[in-house]
Amino acid sequence: MDIVILAVVIAVVVLGALGGLIVGSRRTKQLPPPPPTAPDITAPPAEPHVGDEAETPREEPRRTVEEVDLPDGSAPVVIEEPPTEAPAIEIPEPTAGRLVRLRTRLSRSQNVLGKGLLTLLSREHLDEDTWEEIEDTLLTSDIGVQPTQELVERLRARVKVLGTRTPAELRGLLREELITLVDPSMDRTVHTENETGGPGIVMVVGVNGTGKTTTTGKLARVLVADGNTVVLGAADTFRAAAADQLETWGERVGAHTVRGPEGGDPASVAFDAVKEGKEMAADVVLIDTAGRLHTKTGLMDELGKVKRVVEKHAPLDEVLLVLDATTGQNGLVQARVFAEVVNITGIVLTKLDGTAKGGIVVAVQRELGVPVKLIGLGEGADDLAPFEPDAFVDALIGE
């Protein structure tokens, strides 16, 4: 019995010891960390400001609603727009003697015609071969077959009579004969005085590419330089920007431009231009016409219509045909076609500087029987000059 009791006591003691070890091991385990405390949050630095915002707000006096003056609504608030400046009006160069000032532009033509002829005529012996060379020089200068034959015959006769041929004598001889060919007796005035007392009416015709619209603008400058007031009619309604181009030319010299919708009726624009020219008491109305059409109507039919419509106001005083001097004989073909439809009264030769040949002046006058009245000698605004036979020939043959 005592043994049983002892065993029980020992078992209890062992169980107690084991229980203490288990509890002690649990106590020695690492306790979970305490929950983190909320960190101190520092406010971010304020965004930088500029101007008044960078200053510390300060107290300012404030007005109540009753103290604020409000509009009564009787008059609308008008915001004035800054006035737009009108383009400066240019003063064109005077036309008197303009061709003399531009004579250097004929240097290429001078080399082909004037200097070439003087060189040939200065040879000691003028045999048949030399005269053939003289004839070829004239033909390559676009003078034309008939005028060339006439000039060669007169030169041969006068050189034979002259005997000695000093450079001065040859130059004087050639000058006289070329002036005779150019025909100084022709009336080269651009007529701008209408018999009815209204403005002079000038119609400008020609194919596209000859510088027709530009020539119309330059002609306006010529007329303004001579003291005339001008109205421009932009009747070339089929070429893109033709009206804008003409209007720009007009603004530069203070000329009013009448235009219509793109693709509109050219005759209507021409009619309105003459009408406004009368109302404004202008001196001259310049009408720029189309050089080609995008419709089935023929160009010449349209030009004939423009002419008829304009003449309901008053007869045309001038019909100027613009020709490109560099096209040579092709320009003469154009001249024939236009002359069949409208009564051409004068020729404007453009691009006569550069590689153009001065003899075209003689050829076109012979072809149409009308004078060259103006020539273009460059791209400058005042490079359109009234044609002066003496100055022209002097420029061709040099000093």
Side-chain angles (χ1 to χ4, degrees), residues 95 98-99 102 105-106 109 113 141-144 146-147 178-192 200-223 284 286-291 299-300 303 306-307 316-354 356-378 383-393 395-396:
T95 59
R98 185 180 288 187
L99 182 56
L102 298 174
R105 306 290 177 83
L106 289 168
S109 295
L113 181 57
S141 299
D142 284 337
I143 285 184
Q146 186 65 31
L178 287 175
I179 289 177
T180 301
L181 271 185
V182 173
D183 194 356
S185 65
M186 284 185 163
D187 181 12
R188 302 181 190 276
T189 305
V190 178
H191 296 283
T192 57
I201 307 173
V202 180
M203 188 165 76
V204 183
V205 301
V207 300
N208 282 357
T210 58
K212 179 172 48 58
T213 299
T214 299
T215 298
T216 305
K218 290 182 178 181
L219 178 55
R221 296 179 66 89
V222 169
L223 294 171
V284 186
L286 280 179
I287 302 172
D288 179 32
T289 59
L299 168 62
M300 299 305 155
L303 285 178
V306 172
K307 181 177 181 291
L316 288 168
D317 298 286
E318 284 278 6
V319 178
L320 297 176
L321 173 62
V322 179
L323 293 177
D324 183 343
T326 63
T327 60
Q329 297 301 313
N330 289 333
L332 298 183
V333 175
Q334 297 172 14
R336 295 188 198 104
V337 175
F338 279 94
E340 292 174 358
V341 180
V342 289
N343 183 27
I344 304 296
T345 59
I347 304 295
V348 182
L349 277 176
T350 63
K351 308 177 187 178
L352 200 55
D353 57 323
K357 301 162 186 146
I360 190 65
V361 172
V362 176
V364 71
Q365 288 186 159
R366 288 291 186 95
E367 179 66 32
L368 297 182
V370 297
V372 171
K373 295 191 173 184
L374 298 159
I375 56 175
L377 293 169
D383 289 345
L384 185 70
F387 185 78
E388 303 168 23
D390 291 1
F392 178 74
V393 171
L396 286 183

Please report the shortest heavy-atom distance between Ile201 and Leu316, naming the atom on each side.
CG2-CD2, 3.4 Å

Indicate yes or no: at least one non-hydrogen side-chain atom of Leu384 is less than 4.5 angstrom from one of Arg221.
no

Contacts of type side chain to side chain contact (heavy atoms under 4.5 Å, CB included), residue Thr189, not counting sequence neighbours:
Asp187, His191

Quick one: side chain to side chain contact (heavy atoms under 4.5 Å, CB included) partners of Val341, sequence neighbours excluded?
Met300

Residues pairing under salt bridge (charged side-chain N to carboxylate O under 4.0 Å, His left out) where one sits in residues 325-339, two or more places apart or in two chains, turn out to be Arg336-Glu367

Sorted by chain and residue number, the salt bridge (Lys or Arg N to Asp or Glu O under 4.0 Å) partners of Glu388 (sequence neighbours excluded) come out as none

Closest non-hydrogen contact found for Leu321 with Gly206 is CD1-CA, 4.0 Å

Nearest-0.5 Å distance that lies between atom CG in Leu323 and atom CG in Leu349:
6.0 Å

Tell me the closest heavy-atom pair linking Arg366 and Pro147, and the distance in Å.
NH1-CG, 3.8 Å

If you compare all heavy atoms of Ala339 against all heavy atoms of Ile344, which two are closest, and at what distance to 0.1 Å?
CA-CG1, 3.8 Å

Distance (rounded to the nearest 0.5 Å) between Ile375 CD1 and Asp383 CG
10.5 Å

Taking ring pair (Phe, Tyr, Trp, His ring centres under 6.0 Å) as the definition, give me every residue that meets it alongside Phe387, ordered by chain and number, with sequence neighbours left out.
Phe392

Decide yes or no for Pro389 and Arg188: does some side-chain heavy atom of the first lie under 4.5 Å from some side-chain heavy atom of the second?
yes

Here the pair of heavy atoms bringing Leu320 nearest to Leu374 is CD1-CD1, 4.4 Å

For residues 213-220, please give each side-chain donor-acceptor pair under 3.5 Å, one per line with the distance, not counting sequence neighbours.
residue : atom : partner : partner atom : Å
Thr213  : OG1  : Arg239  : NH2          : 3.1
Thr213  : OG1  : Asp288  : OD2          : 2.8
Thr214  : OG1  : Gln245  : NE2          : 3.0
Thr215  : OG1  : Gly211  : O            : 2.6
Thr216  : OG1  : Lys212  : O            : 2.9
Lys218  : NZ   : Gly378  : O            : 3.0
Lys218  : NZ   : Gly380  : O            : 3.1

Using atom types as modelled and distance alone, determine if a side-chain donor or acceptor of Thr350 lies under 3.5 Å from a backbone N or O of Thr210.
yes

Closest contact, heavy atoms only, Ile179 versus Pro184:
O-CD, 3.1 Å

How long is the straight-line distance from NZ of Lys351 back to CD1 of Ile360, given to the nearest 0.5 Å?
14.0 Å

Report yes if the side chains of Leu223 and Leu286 come closer than 4.5 Å at any heavy-atom pair, otherwise no.
yes

Contact between Val362 and Val182 at the side-chain level, heavy atoms closer than 4.5 Å - yes or no?
yes

Please name all residues satisfying side chain to side chain contact (heavy atoms under 4.5 Å, CB included) with Asn343, sequence neighbours left out, ordered by chain then number.
Thr345

Asp317: partners by salt bridge (Lys or Arg N to Asp or Glu O under 4.0 Å), with sequence neighbours left out
none

Those residues at least two apart in sequence (or on a different chain) that pass side-chain hydrogen bond (donor to acceptor under 3.5 Å, both in side chains) with Asp183 are Ser185

Within the structure provided, determine whether Ile347 and Gln365 are in side-chain contact (heavy-atom separation under 4.5 Å).
no

